[in-house]
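These notes concern the structure reproduced below.
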Amino acid sequence: MRKDILKKIAEKVRKSEKIAITSHLRPDGDSICTSIALALMFEQLGKHVDLINKDNTPIPFNYFPLSEKIKIGQIRGENYDLIILLECADVSRSGQEYINNNFLINIDHHHSNSYYADLNWVEPASSAVGEMAFYLGEELEIKLTPEIATYLYAAIASDTGSFQFSNTTAEALEICSQLIRAGANPIEINEILFAQNPPEKIKLLGQVISTLKLSSDGKIAYITMFKKFLDDLKIKELDTEDITTLVRSIKGVEIVVFFKQMGDSRFRVSLRSKGRINAASLAERFGGGGHFHAAGFSISGEYENVVKNVISKVADYIKERELKVGAE
Ligand SMILES: [Mn+2]
């Protein structure tokens with residue numbers, strides 16, 4: 001299966017002179033670093049490659065020197081023989097509006113993909129598109145330079161949360177071992193990916209953590225980020241995932257409820273659960289949704305009431321679950 005699609009993709013790449021590669025909106029480390037690695041590979045074959053994303057390259061990925069290769073804006077389809085979309089469930093996910101008449105290749109490792117392109121390579125078992133790009137490099141008989149190895153390693157390290165998430169597979173580690181042998185430096189890459197926090201973010205983390213409360217049984221942990229915290233520290237937007245991760249690490253906690261104040265009485269609530277607690281079905285009770293262990297919803301009301309309402313419903317849910325498990 002993989003062999004067939006790889007052959008077809010490699011053949012199309014070899015035949016193309018001008019290639020554009022794009023990532024999804026609000027691009028992440030996997031798609032950004034994979035796009036750079038693919039550009040280096042195709043350039044080795046003498047191709048002209050442009051990396052064009054709709055959205056800016058966010059911190060920390062803009063600290064990778066070759067992120068300069070990425071242009072921001074719309075792809076002018078008529079200029080390219082081939083356009084590759086990374087981790088886009090459909091064309092609209094790329095934010096690109098003028099590529100529908102082009103030959104498109106869709107490379108993704110998520111289940112939810114609509115197979116919209118001329119060639120679709122979707123492998124949900126892959127840890128990252130970085131892993132898939134590694135195989136494409138092999139198929140194209142690319143020389144694995146230290147630079148290519150660095151960006152592929154960064155893509156996989158980023159998407160596996162430094163080899164801690166459930167997509168950390170034997171295959172991913174085997175590939176990373178080859179990438180290190182080829183010159184990727186895990187320590188330097190980790191520094192870029194995980195040690196670029198601005199001091200304001202760590203101060204914010206302290207403030208949010210200081211709001212921590214636990215339910216009496218210790219299973220629900222909840223925290224709040226008041227708008228004032230962001231305003232005082234002059235922070236506009238930031239990734240708060242590691243605040244949640246820290247709270248989630250408390251022994252005995254089964255779910256983290258994170259209240260983020262958006263307006264005076266408007267809150268975005270994110271849920272991060274462990275084990276058998278289904279965050280998505282909980283979020284659905286509030287009109288939201290998401291994945292099994294990560295979901296969210298919006299809610300309006302006075303802060304104290306919102307917290308009381310949400311936490312009591314979460315507690316009910318956990319009790320229902322326990323009764324169900326007990327009855328099984
Ligand atoms: Mn990915």
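Side chains are part of it too, since the values below use all heavy atoms of this structure and drop only hydrogens, waters and symmetry mates. Numbers here are sequence positions counted from 1. Ligands are counted one by one from 1 in listed order, and the atoms in each one are counted from 1 as well.
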Just to verify, which of Val129, Ile175, Leu144 counts as forming a side-chain contact (heavy atoms from CB on, under 4.5 Å) with Leu152? Leu144
Going by the side-chain hydrogen bond (donor to acceptor under 3.5 Å, both in side chains) test, name the single residue among Lys69, Lys18, Lys71 that passes it with Asp50. Lys71
Please identify each residue that fulfils ring pair (Phe, Tyr, Trp, His ring centres under 6.0 Å) with Tyr135, with sequence neighbours left out. none
Pairs in or reaching into residues 81-113: which pass ring-ring contact (aromatic ring centres under 6.0 Å, His included), with residues at least two apart or in two chains? none
For residues Ile107 and Thr34, determine if any side-chain heavy atom of one lies less than 4.5 Å from a side-chain heavy atom of the other. no
Under-2.8 Å protein N/O/S neighbours of the Mn ion (ligand 1), ordered by chain then residue number: Asp30 OD2, Glu87 OE2, His109 NE2, Asp159 OD2
Which pairs would a plain distance check flag for residues 52-59, meaning a side-chain donor or acceptor within less than 3.5 Å of a matching protein atom at least two apart in sequence or in another chain?
unit_1, atom_1, unit_2, atom_2, d
Asn53, OD1, Ser23, N, 2.9
Asp55, OD2, Arg26, N, 2.8

